[in-house]
Undergrad: 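Here you go, one structure.
The first residue in the sequence is number 1, and the count goes up from there.
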Amino acid sequence: PRQSRLLQCENKDTMAEASKDSAKMDVDKAAPADKDKDKEKEKAPVDPNKLTIADINASLTLIRRGVASQEDRFMVRVVRLVPRLRKRLNANVLHAVIQKHFVGADAQKAALLAYLPAPTEPVETQAAAPAATTTGAAAPAAPAPILPEAEIYIHTLVVIFLIDSEKHAEAVECAERLIARAVETKRRSSDVLCARAYFYFARAHELNNSMSAIRSTLHAALRAASIRCDEPGQATLINLLLHNYLSENLVEQADVLVSKAPFPESATNNDAARYLFYLGRIRAIQLDYSEAHRHLVQAIRKAPKSAVGFLQTVNKLAVIVQLLLGEIPERDLFRHADLQRSLAPYFKLTQAVRVGDLGRFNDVIQTFGDRFQADKTYKLILRLRHNVIKTGVRMISLSYSRISFADISAKLQLGSADDAEYIVAKAIRDGVIDATINHEEGCVRSKEVVDIYSTNEPQDAFHQRIAFCLKLHNDSVKAMRYSRNAYRKYLETPEQRREREMQEEEIARDMDDKDD
């Protein structure tokens with residue numbers, strides 16, 4: 001019996017091992033099939049329109065959260081996602097979104113659909129009428145009406161689509177309807193979205209060459225935003241008005257606007273960078289080159305690295321202003337990958353100014369004049385002629401202890417020796433060179449070079465750097481985000497206040513007892 005039991009146990013073990021081996025073989029056979037299915041799912045193409053609709057629905061969810069919590073950060077996230085959605089917008093996507101979120105026969109819904117072409121593919125709205133229910137079953141609840149903020153957001157997407165489709169007249173009409181709807185809303189939670197709506201409203205009019213027609217509208221909106229303390233709207237509208245004025249060379253009106261309308265400190269970095277750029281351009285035209293250079297440097301620092309076009313525009317103006325200040329930009333700026341091609345004409349201009357070669361300077365202006373006019377820097381570049389001449393006079397003064405006006409005129413390619421004498425006299429008066437003029441001999445004599453460290457120039461340079469660093473630190477502190485009601489944890493509770501008052505009373509009694 002003992003041997004029979006051992007045989008039975010061995011038989012059971014062999015049967016169990018055989019069943020395990022067969023199961024493993026089945027799993028091994030099934031595994032490749034499952035992997036093939038997964039690969040087929042991965043290779044299956046995903047409809048880009050569905051992805052775009054899903055992103056728009058996610059943005060609408062953020063809008064609902066922002067309305068419920070009354071926090072602007074959700075709306076800011078929605079606005080930041082718009083550039084990513086812009087490249088993927090089409091009529092099919094917008095039709096699907098409007099059909100889904102606008103309930104019933106809404107007049108706004110019909111107006112938006114009228115601006116869009118007919119969809120090329122069948123649209124799944126997911127908002128069809130509910131199926132008939134059986135007797136006794138409760139009917140489904142009616143869908144909730146669309147939020148005003150969501151309506152403004154979808155309307156803005158339609159305006160963007162019309163702008164990208166180069167339907168400028170329709171874009172202007174649709175944008176005017178959008179602004180009328182935004183003015184009617186008057187909800188604090190829609191401030192960020194309304195500011196973005198005004199931006200595309202101005203952009204549509206700019207492409208339609210009707211910017212002067214919207215100044216009164218922008219001024220009225222700025223007054224309303226200032227009264228309501230709508231800081232996103234104030235920042236956007238000030239930038240739009242400055243752009244409107246500067247595009248038509250109305251520099252005095254832009255300067256008056258800057259002096260009368262303070263820019264909000266809580267504005268985003270994008271709006272602050274644009275405002276600083278416009279401010280730097282105004283100051284450069286007004287010959288205040290030091291302030292212009294300071295504003296432009298701050299604009300470059302605040303601008304996002306992804307805004308390549310904006311950085312190219314600001315750096316072009318910054319190079320000209322730096323040359324007008326008598327400084328030479330660093331060579332690394334012209335070697336930057338994103339700036340090398342756009343700043344190539346300005347690099348040649350800088351080389352001409354650095355060596356003080358007036359002929360080379362004129363050749364650069366003649367070659368790239370059309371490009372400078374397109375960049376709206378041509379008039380500022382013409383001012384550099386005096387700097388080129390001053391640089392040439394300075395280099396001649398350092399090279400020669402005595403030189404005649406005729407030789408100066410030949411080296412600087414001036415008209416006559418009298419012009420050279422006048423330019424040298426002006427350079428001496430401005431402190432460009434330290435020399436004396438001998439009118440009898442018709443020459444100029446340079447004095448010995450003074451040690452610059454015996455003057456106040458190093459002190460002034462250090463003062464400018466320290467002031468810039470302190471302002472940068474203060475701006476960084478102001479830009480930090482603080483949690484709401486964070487200060488309350490530092491306040492004492494009622495119990496702590498009672499204990500403190502009791503301790504103060506006891507201390508007062510002890511002091512009275514000691515005095516007695």
Undergrad: Output every pair passing side-chain hydrogen bond (donor to acceptor under 3.5 Å, both in side chains) with a member in residues 338-348, not counting sequence neighbours, ordered by first then second residue.
TA: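 Found Y346-D375, Y346-T377.
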Undergrad: With heavy-atom distances below 4.5 Å as the criterion, would you say the side chains of I63 and L193 are in contact?
TA: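 Yes - at least one pair of side-chain heavy atoms lies under 4.5 Å apart.
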Undergrad: For this output row, return yes or no: ring centroids of H205 and F201 closer than 6.0 angstrom.
TA: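 Distance test on ring centres: under 6.0 Å, yes.
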Undergrad: Could you tell me whether H463 atom NE2 has more than 12 heavy atoms of other residues or ligands within 6.0 Å of it?
TA: no
Undergrad: Sub-3.5 Å donor-acceptor pair from the side chain of T236 to the main-chain atoms of G233, do we have one?
TA: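 Such a contact is absent between T236 side chain and G233 backbone.
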Undergrad: Within this structure, what is the CG-CG distance for the pair L237 and N244, rounded to the nearest 0.5 Å?
TA: 11.5 Å
Undergrad: Rounded to the nearest 0.5 Å, how far does CD1 of I238 lie from CG of L241?
TA: 8.0 Å
Undergrad: Indicate whether any N or O donor in one side chain lies under 3.5 Å from an N or O acceptor in the other, for R283 and Q286.
TA: yes
Undergrad: Quick one about T61 and R64 (side-chain donor to acceptor, distance below 3.5 Å, no hydrogens or angles considered), yes or no?
TA: yes
Undergrad: Do R84 and D55 sit within salt-bridge range, that is, some charged N less than 4.0 Å from a carboxylate O?
TA: no
Undergrad: On a heavy-atom basis, which atom in M211 and which in I214 lie closest, and how many Å separate them?
TA: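 Closest pair (atom of M211, atom of I214, distance): O-CG1, 3.1 Å.
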Undergrad: Does the side chain of S189 pick up a donor-acceptor pair with the side chain of E149 at under 3.5 Å?
TA: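 E149 and S189 do have a side-chain donor-acceptor pair below 3.5 Å.
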Undergrad: For R371 and Y378, test the side chains for any donor-to-acceptor distance below 3.5 angstrom and give the result as yes or no.
TA: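 No, because no side-chain N or O of R371 sits under 3.5 Å from a partner of the opposite role on Y378.
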Undergrad: Please tell me if the side chains of R383 and Y289 come closer than 4.5 Å, counting only heavy atoms from C-beta onward.
TA: yes
Undergrad: Do N239 side-chain atoms and D271 backbone N/O form a donor-acceptor pair below 3.5 Å?
TA: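 Side chain of N239 to backbone of D271, a donor-acceptor pair under 3.5 Å: yes, one is there.
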Undergrad: So does L470 get a backbone contact from the side chain of N474, meaning a donor-acceptor N/O pair under 3.5 Å?
TA: yes
Undergrad: Can you tell whether the side chains of E173 and K167 come within less than 4.0 Å, N to carboxylate O?
TA: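 No, E173 and K167 are not salt-bridged.
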Undergrad: Distance from I179 atom CD1 to H155 atom NE2, nearest 0.5 Å?
TA: 9.0 Å
Undergrad: List the steps, then state whether side-chain hydrogen bond (donor to acceptor under 3.5 Å, both in side chains) holds for Q464 with R294.
TA: CA-CA 10 Å; Q464 291 179 359; R294 184 172 65 85; over 6 Å; no
Undergrad: Hey, could you give me the CG/CD1 distance between L296 and I320, rounded to the nearest 0.5 Å?
TA: 11.0 Å
Undergrad: Regarding E327 and H293, do their side chains bring together a donor and an acceptor under 3.5 Å, going by distance alone?
TA: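 E327 vs H293: no donor-acceptor pair found between side chains.
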Undergrad: Going by distance alone, is a donor N or O of one side chain under 3.5 Å from an acceptor N or O of the other, for Y278 and R274?
TA: yes
Undergrad: N57 side chain to I53 main-chain N or O, any donor-acceptor pair under 3.5 Å?
TA: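 Yes: the side chain of N57 pairs with the backbone of I53.
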Undergrad: Just to verify, what does R77 make a salt bridge (Lys or Arg N to Asp or Glu O under 4.0 Å) with, not counting sequence neighbours?
TA: none
Undergrad: Kindly compute the distance separating CZ (R203) from CG (N208), expressed to the nearest 0.5 Å.
TA: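 So the gap between those two atoms works out to 12.0 Å.
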Undergrad: Does any N or O in the side chain of R196 come within less than 3.5 Å of the main-chain N or O of V82, such that one atom is a donor and the other an acceptor?
TA: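 Checked: no pair found.
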